[in-house]
Visitor: 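Have a look at this one.
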Amino acid sequence: MQNDDPTRRGFARGLTDYGDRAFSLYLRRSFASAMGYSRDMLDRPIVGIAHSASGFNSCHRHFPELIEAVKRGVLAAGALPIEFPTISLGESFLNPTSLKFRNLMSMDVEEMIRAQPMDSVVLVGGCDKTVPAQLMGAASADIPAIQLVAGPMSTSRHRGERLGACTDCRRFWAQYRAGNVDATEISAVEQRLASTSGTCAVMGTASTMASLAEVLGMMPAGAAAIPAVDADRLRMAEETGRIAVALIGSDRRPNRILTAQAFENAVRVLLALGGSTNAVIHLAAIAGRVGLRIDLARMNALSDSTPVLVDLKPTGGGYMEDLHAAGGIPAVLRELRGLLHLDCLMVTGETLGQRIDATEDWVDRAVVRPIQNAVRKDGGLVALFGNLAPLGAVLKRAAADPALFEREGRAVVFESLADLAARIDDPALEVTPDDFLVLQNAGPASEAAMPEAGYLPIPAKLARAGVKDMVRISDARMSGTAYGTIILHVAPDAASGGTLGLVRNGDRISLSVARRRLELLVDDRELARRRSDAVVRQRPASRGYQQLYDTHILQANEGCDFDFLRFSE
Ligand code: FES
């Protein structure tokens with residue numbers, strides 16, 4: 001934690017080291033004066049605004065306007081707002097996958113918060129990895145911080161049908177692959193899926209992480225679901241600026257807010273939202289920054305007693321703008337009140353219980369269901385364990401076909417993403433709808449760096465025959481907007497020697513969601529033989545960030561953070 005000495009706030013904070021403190025301040029003020037600041041402004045405490053606007057991030061297109069509103073709030077409350085850019089991670093613009101760079105962004109956020117003179121910080125993010133990266137960085141820097149998110153996109157229309165990224169992206173693409181939608185129509189749909197600024201319009205990863213940031217207490221009540229283009233989003237930005245000023249000198253730092261109870265609340269709400277599987281990884285990474293863990297066995301226990309209440313795509317029918325209109329996250333929290341730790345501290349100063357009691361008691365029951373009439377009576381996610389996933393795997397059961405939950409199947413194995421791309425649509429591929437598709441070497445330790453490739457396509461010949469879902473198993477991730485009976489995050493991953501890498505074509509695999517088991521039905525002696533015969537893939541020599549990644553990446557159950565970034569006394 002940085003020095004909170006009131007006489008060393010604003011530009012007097014964290015001086016550049018020239019060996020003469022007075023000279024350092026004089027020099028800094030000289031250069032700050034080049035910005036045209038008055039003496040009054042130079043003497044104010046500073047609210048940093050860490051933002052992730054970029055021409056490679058369409059979800060953050062409106063950030064200039066949003067940042068202006070934050071500044072308005074900061075100035076009105078008597079401090080000086082100073083924005084600064086950090087790395088931005090535009091989900092669909094990064095190769096091989098945005099997750100690979102989440103830790104890099106978190107390091108950028110942490111170090112720039114620490115190195116530059118600011119007394120509190122507003123974190124402005126939104127697209128999938130940006131919010132976890134900012135929370136990880138802020139947790140490690142541990143100065144007073146508050147999150148502001150982009151807000152979700154608004155939906156559009158195609159031939160009278162409501163569309164929003166990105167569950168509908170996948171639905172139309174599946175129809176195109178099955179031959180039910182032609183090239184002209186898929187091109188028209190492409191233009192309509194993401195038609196405003198803001199994050200994906202459904203309960204995908206961005207919406208899930210925005211919701212969980214609110215539940216964790218890092219945002220004001222109701223802030224997660226306000227649409228990106230709504231005037232309420234600008235009012236929330238202004239309010240966030242004001243709160244950031246109130247945080248200066250307070251002890252409402254991330255390490256006091258991000259407690260074990262707060263994370264348990266976040267897991268509860270994740271389950272009740274039917275939220276993104278990616279959130280399990282991100283919560284584990286954020287928790288690791290404050291010396292805590294997300295226990296997958298505990299998540300299963302919570303899942304047994306947490307109903308899915310929110311009826312949004314990909315598990316239900318609505319979009320994030322509907323959740324905002326229905327009462328937002330406060331309405332969900334009110335419904336879950338009896339299951340939550342109510343004394344958790346919020347960044348706004350009250351407890352979670354006080355926050356819930358203060359919110360308007362109105363809800364649209366079509367979107368946020370009462371517990372007695374839940375979308376499903378147990379949680380949206382479940383962790384699986386067994387010899388195929390000793391450290392766990394995750395299934396979004398709320399978006400899967402229960403008819404596939406208790407069964408044994410024959411493995412059809414793809415050794416890599418390249419192998420998958422080369423053979424999945426081969427008419428000669430030996431595959432039936434009852435088989436389990438297995439993808440190897442797409443986990444965090446692989447060259448692929450754990451892309452959202454776990455949503456293996458249904459082989460074209462089966463898709464054309466009307467098959468809509470199959471059991472699919474991998475060490476990869478899945479977009480929060482996707483759906484299907486898809487088992488993800490298998491740990492340890494194949495590239496680090498996990499059992500997943502020992503599966504061969506024709507092996508039998510047993511899945512039981514009821515018993516939380518995932519077993520490869522191959523005896524231990526044969527597995528030992530395969531392990532000793534396995535050819536260790538030599539990774540090409542790496543440099544720079546790639547070398548850091550190769551050397552320090554942790555498995556999915558530890559949030560795919562770097563080992564040296566986790567909390568240490
Ligand atoms: Fe940015 Fe989905 S692509 S949130």
Side-chain angles (χ1 to χ4, degrees), residues 1-14 37 40-51 66-84 109 113-114 116-125 131 134-135 137-139 141-149 210 213-224 226 232-259 262 290 328-330 333 342-359:
M1 181 189 161
Q2 291 198 353
N3 184 0
D4 269 335
D5 180 350
T7 65
R8 296 192 177 186
R9 287 191 182 151
F11 284 117
R13 185 184 181 100
Y37 293 133
D40 167 44
M41 290 294 162
L42 286 174
D43 287 340
R44 291 186 180 199
I46 294 173
V47 172
I49 304 171
H51 73 81
L66 206 55
I67 291 163
E68 281 312 305
V70 176
K71 288 181 177 175
R72 197 161 65 228
V74 172
L75 286 168
L80 174 64
I82 299 185
E83 65 174 287
F84 61 99
V109 170
I113 289 175
R114 222 198 296 274
Q116 299 175 130
M118 64 195 78
D119 301 292
S120 68
V121 62
V122 178
L123 310 161
V124 191
V131 169
Q134 289 177 330
L135 290 175
D142 203 29
I143 70 164
I146 182 167
Q147 183 81 56
L148 175 68
V149 293
E214 183 176 330
V215 176
L216 284 167
M218 293 299 291
M219 294 204 300
I226 304 168
D232 280 347
R233 174 60 54 199
L234 295 174
R235 273 185 282 276
M236 180 54 71
E238 184 182 307
E239 175 65 9
T240 301
R242 286 178 188 271
I243 297 167
V245 178
L247 286 175
I248 294 172
S250 87
D251 63 352
R252 297 201 296 277
R253 292 173 288 101
N255 273 258
R256 277 201 65 216
I257 294 170
L258 299 172
T259 60
V290 292
I329 293 301
L333 294 173
L342 297 174
D343 48 4
C344 288
L345 175 67
M346 306 283 100
V347 74
T348 33
E350 74 278 33
T351 64
L352 177 62
Q354 290 166 335
R355 176 180 280 195
I356 291 173
D357 293 342
T359 54

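The figures that follow rest on heavy atoms only: side chains count, while hydrogens, waters and symmetry mates do not. Quantities reported herein were computed from a predicted structural model and do not represent experimental measurements.
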Visitor: Write down the atom of P81, the atom of V74, and the distance for their closest heavy-atom approach.
Guide: N-CG1, 3.6 Å
Visitor: Once you round to the nearest 0.5 Å, how far does CG of D232 lie from CD1 of I226?
Guide: 5.5 Å
Visitor: How long is the span from the CG atom in L345 to the CD atom in E350, to the nearest 0.5 Å?
Guide: 8.0 Å
Visitor: Would I113 and L123 count as a side chain to side chain contact (heavy atoms under 4.5 Å, CB included) if you check the C-alpha gap in whole Å, the side-chain angles of each, and the deciding distance to 0.1 Å?
Guide: CA-CA 10 Å; I113 289 175; L123 310 161; 4.1 Å; yes
Visitor: For a side chain to side chain contact (heavy atoms under 4.5 Å, CB included) check, start with the C-alpha distance between D119 and R44, then their side-chain angles and the critical distance, and finish with the verdict.
Guide: CA-CA 10 Å; D119 301 292; R44 291 186 180 199; over 6 Å; no
Visitor: Find the distance between CG (L333) and CZ (R355) and round it off to the nearest 0.5 Å.
Guide: 8.5 Å
Visitor: Would you say the side chain of V47 lies within less than 4.5 Å of the side chain of V121, judging by non-hydrogen atoms?
Guide: no
Visitor: Can you check side chain to side chain contact (heavy atoms under 4.5 Å, CB included) on T259 and C344, steps first, answer last?
Guide: CA-CA 8 Å; T259 60; C344 288; 4.2 Å; yes
Visitor: Decide yes or no for L135 and P254: does some side-chain heavy atom of the first lie under 4.5 Å from some side-chain heavy atom of the second?
Guide: no
Visitor: How close do A223 and V149 get, heavy atom to heavy atom, and via which atoms?
Guide: O-CG2, 4.0 Å
Visitor: With a 3.5 Å distance limit and no angle check, can you tell me whether E214 reaches the backbone of A224 through a side-chain donor-acceptor pair?
Guide: yes
Visitor: Just by modelled atom types, is the P144 backbone N or O under 3.5 Å from a matching donor or acceptor in the S120 side chain?
Guide: no
Visitor: Salt bridge between R242 and E238, side-chain N to carboxylate O under 4.0 Å?
Guide: yes
Visitor: For P117, is there any backbone N or O sitting under 3.5 Å from a side-chain donor or acceptor partner on R9?
Guide: no
Visitor: So, D142 side chain and N255 main chain: donor-acceptor pair closer than 3.5 Å or not?
Guide: yes
Visitor: Checking E83 side chain against I67 main chain: does a donor-acceptor pair fall under 3.5 Å?
Guide: no
Visitor: Side-chain contact, heavy-atom cut-off 4.5 Å: R13 with I143?
Guide: yes
Visitor: For residues A79 and V245, report the shortest heavy-atom separation together with the two atoms involved.
Guide: CB-CG2, 3.7 Å
Visitor: With rounding to the nearest 0.5 Å, note down the distance linking CD1 in I49 to OG1 in T240.
Guide: 10.5 Å
Visitor: What pair of heavy atoms forms the shortest contact from A213 to Q147, and how long is it?
Guide: CB-CG, 4.4 Å
Visitor: If you round to the nearest 0.5 Å, how far is CE of M236 from CD1 of I243?
Guide: 7.0 Å
Visitor: Measure across P330 and G222 and return the closest heavy-atom pair with its distance rounded to 0.1 Å.
Guide: CG-N, 3.6 Å
Visitor: Taking atom OG1 of T348 and atom CD of Q354, what is their separation to the nearest 0.5 Å?
Guide: 10.0 Å
Visitor: Indicate the atoms forming the closest heavy-atom contact of M219 with V347, along with that distance.
Guide: N-CG1, 4.0 Å
Visitor: Can you list the steps and then say if M41 with L75 is a side chain to side chain contact (heavy atoms under 4.5 Å, CB included)?
Guide: CA-CA 9 Å; M41 290 294 162; L75 286 168; 3.8 Å; yes
Visitor: Heavy atoms, side chains only, cut-off 4.5 Å: are L258 and M218 in contact?
Guide: yes
